[in-house]
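Okay, structure first, notes after.
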Amino acid sequence: TVSLLADFIYVIYSRKVLHTQFRFQGIEGKVVRSLFSYSLFIAIHIVVDQINNNMDKVLLGRFVGTEEVAIYSIGFTLYHYYMLFSVGISSVFSPKIHHIVNATHKNKMERNARLTELFVKIGRMQFLLLGLICSGLVFFGKAFIKASKMLHNYTEEDEEKIHKMEKKLDKYEDAVVPGGTIYVDS
């Protein structure tokens, strides 16, 4: 609803302040069909991506229980934020990549060399930053959880629930792999 409101405000601003006229005459049917066919595949991809990204939580909730889904969701949220750092770093360099491609469109060898050099730099930056974040999570994760428990005033019932969840988590051994964490029964 907020997006629709913003779009409505943009249209009013364009018409009243910028005096923009919208004309929908002479639209080529071929262009519309091409645009629709392209958009259709993007829409299908978004739907499938949503199903794929949430299937693990659905299956976990169906076969294990809500407490495990809550624990998994916290881990998945941390993973999501972790990946956002990587995407953020790559996004910052997107204009530079486009500039290199446009500046060297006639010389393929130079373009490939400059892009390779830039991608190596970006990869190193991502590795250093994400490695620092990951090592912080590995070394200070348990201490952070314990400190956050001390900051909050938990009742005895809350402490029992937390202790029960910690016992469940102690059954698992963490194995960190690219793309997430796998829990293996020990």
Side-chain angles (χ1 to χ4, degrees), residues 2-4 6-7 10 13-14 18 20 27-60 68-145 147-148 169 172-186:
V2 174
S3 178
L4 288 174
D7 289 342
Y10 289 146
Y13 179 79
S14 296
L18 300 176
T20 305
I27 296 175
E28 297 178 34
K30 188 175 180 182
V31 174
V32 172
R33 280 191 300 276
S34 172
L35 185 63
F36 179 73
S37 66
Y38 180 73
S39 310
L40 179 68
F41 289 113
I42 291 175
I44 291 170
H45 175 268
I46 290 170
V47 170
V48 170
D49 198 38
Q50 283 295 316
I51 292 170
N52 190 31
N53 284 337
N54 292 315
M55 188 55 65
D56 51 352
K57 294 174 205 78
V58 171
L59 291 174
L60 200 60
E68 287 79 5
V69 173
I71 293 169
Y72 179 81
S73 293
I74 292 169
F76 186 79
T77 302
L78 288 174
Y79 164 74
H80 185 71
Y81 287 142
Y82 188 74
M83 292 307 294
L84 282 177
F85 275 106
S86 176
V87 171
I89 292 169
S90 299
S91 299
V92 167
F93 288 98
S94 182
K96 176 109 176 160
I97 293 168
H98 290 289
H99 174 72
I100 290 172
V101 169
N102 288 331
T104 60
H105 70 279
K106 292 181 181 175
N107 188 348
K108 189 175 180 179
M109 295 286 284
E110 181 187 356
R111 178 182 61 207
N112 289 346
R114 288 178 63 186
L115 286 175
T116 300
E117 181 183 337
L118 180 64
F119 289 152
V120 167
K121 286 180 183 178
I122 293 170
R124 286 180 184 155
M125 278 192 248
Q126 286 175 325
F127 176 74
L128 290 173
L129 180 65
L130 296 176
L132 181 67
I133 293 170
C134 182
S135 62
L137 287 173
V138 168
F139 291 120
F140 302 113
K142 242 181 188 171
F144 176 75
I145 291 170
S148 67
L169 286 175
Y172 299 105
E173 177 180 302
D174 294 347
V176 179
V177 295
T181 302
I182 295 176
Y183 295 104
V184 182
D185 280 328
S186 54

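Note that the coordinates shown come from a computational prediction; the quantities given were computed from them, not determined experimentally.
Each salt bridge (Lys or Arg N to Asp or Glu O under 4.0 Å) pair with one or both residues in residues 80-95, not counting sequence neighbours, would appear here, but there are none. Sorted by first and then second residue, the salt bridge (Lys or Arg N to Asp or Glu O under 4.0 Å) pairs involving residues 48-60 (not counting sequence neighbours) form an empty list.
Summarising the geometry, atom NE2 belonging to His99 is positioned 11.0 Å from atom CG belonging to Leu118; distances are rounded to the nearest 0.5 Å. Note that CZ of Arg124 and CG of Leu129 are 16.0 Å apart. Values are rounded to the nearest 0.5 Å. The OG1 atom of Thr20 lies 9.5 Å from the OH atom of Tyr13; values are rounded to the nearest 0.5 Å.
By the side chain to side chain contact (heavy atoms under 4.5 Å, CB included) test, Ile46 is found to be paired with Ile42, residues two or more places apart in sequence or in another chain being considered. For the side-chain hydrogen bond (donor to acceptor under 3.5 Å, both in side chains) test, no residue two or more places apart in sequence or in another chain qualifies with Thr104. For Asn52, there are no side chain to side chain contact (heavy atoms under 4.5 Å, CB included) partners, not counting sequence neighbours. Take Leu59 and apply the side chain to side chain contact (heavy atoms under 4.5 Å, CB included) test, not counting sequence neighbours, and it matches Met55, Phe63. Here Ser14 pairs with nothing under the side-chain hydrogen bond (donor to acceptor under 3.5 Å, both in side chains) rule; sequence neighbours left out. Looking at residues two or more places apart in sequence or on another chain, you find a salt bridge (charged side-chain N to carboxylate O under 4.0 Å, His left out) between Lys121 and Glu117. By the side chain to side chain contact (heavy atoms under 4.5 Å, CB included) test, Asn107 is found to be paired with Met109, Glu110, residues two or more places apart in sequence or in another chain being considered. Checked against side-chain hydrogen bond (donor to acceptor under 3.5 Å, both in side chains), Asn53 has no partners two or more places apart in sequence or in another chain.
Aromatic ring orientation, Phe76 versus Tyr79: tilted (interplanar angle from 30° to 60°).
At least one donor-acceptor pair under 3.5 Å links the side chain of His105 to the backbone N or O of Asn102.
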List the atom pairs, donor and acceptor, that lie under 3.5 Å between side-chain atoms in residues 82-90 and the rest of the protein, sequence neighbours left out.
{"unit_1": "Tyr82", "atom_1": "OH", "unit_2": "Leu130", "atom_2": "O", "d": "3.0"}
{"unit_1": "Ser86", "atom_1": "OG", "unit_2": "Gln126", "atom_2": "NE2", "d": "3.2"}
{"unit_1": "Ser90", "atom_1": "OG", "unit_2": "Ser86", "atom_2": "O", "d": "3.2"}
{"unit_1": "Ser90", "atom_1": "OG", "unit_2": "Gln126", "atom_2": "NE2", "d": "2.7"}

What donor-acceptor contacts under 3.5 angstrom involve side-chain atoms of residues 32-39, with partners at least two apart or in another chain?
{"unit_1": "Ser37", "atom_1": "OG", "unit_2": "Arg33", "atom_2": "O", "d": "3.3"}
{"unit_1": "Ser37", "atom_1": "OG", "unit_2": "Ser34", "atom_2": "O", "d": "2.9"}
{"unit_1": "Ser39", "atom_1": "OG", "unit_2": "Leu35", "atom_2": "O", "d": "2.7"}

